[in-house]
Amino acid sequence: MSSPDPQVRAARNKSTSPPPRGPVVAVTGAASGVGALLTERLAASEEVKQVVAIDERRGECAEAEWHILDVRDPAIADRLRGADVVVHLALDLDLETDAAARTAYNVRGTQTVLTAAAAAGVHRVVLCTSTMVYGALPDNELPLSEDAELRATAEATGVGDLLEIERLGRRAPRAHPGLNVTVVRPAVLVGGTDTALTRHFESPRLLVVAGSRPAWQFCHVDDLCSALEYAVLEKVDGELAVGCDGWLEQEEVEELSGIRRMELPSAVALGAAARLHRIGLTPSPAGDLAYTMYPWVVSGSRLHDAGWRPAYTNEEVLAQLLDEVSGRHTVAGRRLGRKDATAAGAAGATVALLGAAAVVRRARKARRRI
């Protein structure tokens, strides 16, 4: 009896071959932003068996198994059964969201996901915060070690939420033995993002506080997704910083961007920022200014030791950021319409800041009349 044709044998072997090995990965916040990019990336990976996508609306990745629900819903535990890894990206860091509502969503969502993952038998949860948790301080080393103390406070937008998320992540393995928690901390994230730090580059002048020592380290969203994939595949664990290699000094940023600086004394800059935020004119509290004043660059040695490398340089990511924010106009964190921007443009940020100060004075007078 003759042996089967080689092509027939190959077809038979293929039909009887086992399904691809690798983890089943659940991604929360999978319909948009980093979650959508990671979901697409993992769905295309030969090292991932299946992707379970969870969000309050369905996203565009057809290869994923979608579940539509709020991450604060305890029913999420049923959707996580069979998953090996959960990447929790359902966070609200929108500058325009009410701060109390944002914190309630972020903290309750993380608590629920960690508890549900343990109940469902998931062995690893990957959380995503920011290198902002290290704090921006004048005595920070350049670069910081990933093991450096987290010295941030809750004075900057969303940082209090991120610190609480990290605290929950540290507690979870003690409360749920067998659950591993990995934390990925990106530098200034660029690629379809809108944060107080990306808005800094929408201003007609780059605000520089006299006597400060800024140092800029960026992270492209594609690099963040590749670092998250490393964590998913257990190529690295623990607390990981991710970003471009090295950093840019303020003078380099100004030369590359072509945006001139506006230098103000510390008391003036911080005082104005605090007053403008207090009366609701700007979404950014004064604490955000520290991250434009002092260094918070991190080495990223753990990912490097595991073989990971960023695909982008700081110069390349800054160029993309400038392209993304082109045509937008922001002063002190507040977006201006085209008409407002045109009025402010002739004299630059100084006029805009003086205008904001005039609004503060009018608000004070109005309060005194009441």
Side-chain angles (χ1 to χ4, degrees), residues 28-29 33-34 71-72 86-95 97-115 117 125-141 143-176 179-189 193 195-198 217 219 224 227-228 231 237-243 270 273-274 277 283-300 302 333:
T28 68
V34 176
V71 291
R72 295 169 293 181
V86 175
V87 185
H88 179 46
L89 298 174
L91 299 178
D92 180 3
L93 298 175
D94 192 321
L95 289 172
T97 301
D98 174 75
R102 181 176 60 221
T103 296
Y105 177 83
N106 291 335
V107 174
R108 177 67 182 277
T110 302
Q111 287 175 324
T112 304
V113 167
L114 287 167
T115 302
V125 174
V126 180
L127 302 176
C128 186
T129 60
S130 167
T131 53
M132 292 178 78
V133 296
Y134 290 101
L137 298 157
D139 61 345
N140 275 347
E141 294 183 357
L144 289 164
S145 161
E146 283 164 304
D147 292 326
E149 181 184 356
L150 305 187
R151 297 198 289 164
T153 65
E155 295 174 355
T157 303
V159 174
D161 296 1
L162 300 180
L163 289 169
E164 180 61 16
I165 287 168
E166 295 227 0
R167 188 185 71 83
L168 293 169
R170 287 191 297 273
R171 288 178 49 193
R174 297 196 294 269
H176 309 288
L179 182 66
N180 176 290
V181 177
T182 298
V183 179
V184 179
R185 300 166 177 155
V188 179
L189 194 60
T193 57
T195 67
L197 292 166
T198 59
Q217 181 184 35
C219 178
L224 173 57
L228 289 169
D237 58 15
E239 289 82 33
L240 318 168
V242 54
L270 292 170
H277 182 66
S284 299
D288 286 344
L289 269 182
Y291 291 90
T292 71
M293 295 170 61
Y294 304 120
W296 45 294
V297 174
V298 183
S299 70
R302 289 200 178 105

Student: If I compare all heavy atoms of His88 with all of Thr28, which pair ends up nearest, and what's the gap?
Tutor: ND1-OG1, 2.8 Å
Student: Between Gln111 and Leu168 (side chain of the first, backbone of the second, donor and acceptor by atom type, cut-off under 3.5 Å), is there such a pair?
Tutor: no
Student: Check each of Thr103, Asn106, Asp98 against Asp92 using the side-chain contact (heavy atoms from CB on, under 4.5 Å) test, and report the only one that passes.
Tutor: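 Among Thr103, Asn106, Asp98, the one meeting side-chain contact (heavy atoms from CB on, under 4.5 Å) with Asp92 is Asn106.
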Student: Would you check if the side chain of Tyr291 reaches a backbone N or O of Met132 as a donor-acceptor pair within less than 3.5 Å?
Tutor: yes
Student: Is the number of heavy atoms from other residues, nucleotides or ligands within 6.0 Å of CZ (Arg167) greater than 12?
Tutor: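 More than 12 within 6.0 Å, yes.
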Student: If you take all heavy atoms of Ala90 and Tyr105, which pair is closest and at what distance?
Tutor: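 For Ala90 and Tyr105, the tightest heavy-atom pair comes out as O-CE2, 3.5 Å.
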Student: Minimum heavy-atom separation for Glu146 and Arg185, please, with both atom names.
Tutor: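 Scanning both residues completely, I find the closest heavy atoms to be O-NH1, 3.7 Å.
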Student: Check whether any side-chain N or O of Thr198 sits under 3.5 Å from a backbone N or O of Thr195 as a donor-acceptor pair, and report yes or no.
Tutor: yes
Student: Pair Tyr294, Asn140 - check side chain to side chain contact (heavy atoms under 4.5 Å, CB included), show working.
Tutor: CA-CA 8 Å; Tyr294 304 120; Asn140 275 347; 5.8 Å; no
Student: Counting neighbours of CZ on Arg171 that are heavy atoms of other residues, nucleotides or ligands and sit closer than 6.0 Å, is the number greater than 12?
Tutor: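 Counting neighbours around CZ of Arg171, 12 or fewer heavy atoms of other residues, nucleotides or ligands fall under 6.0 Å, so no.
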Student: Could you tell me whether the side chain of Thr292 and the main chain of Leu289 form a donor-acceptor pair under 3.5 Å?
Tutor: yes
Student: Give me the atom names and distance for the closest heavy-atom approach of Thr129 to Ile165.
Tutor: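 Taking Thr129 first and Ile165 second, the nearest heavy atoms are CG2-CG2, 4.0 Å.
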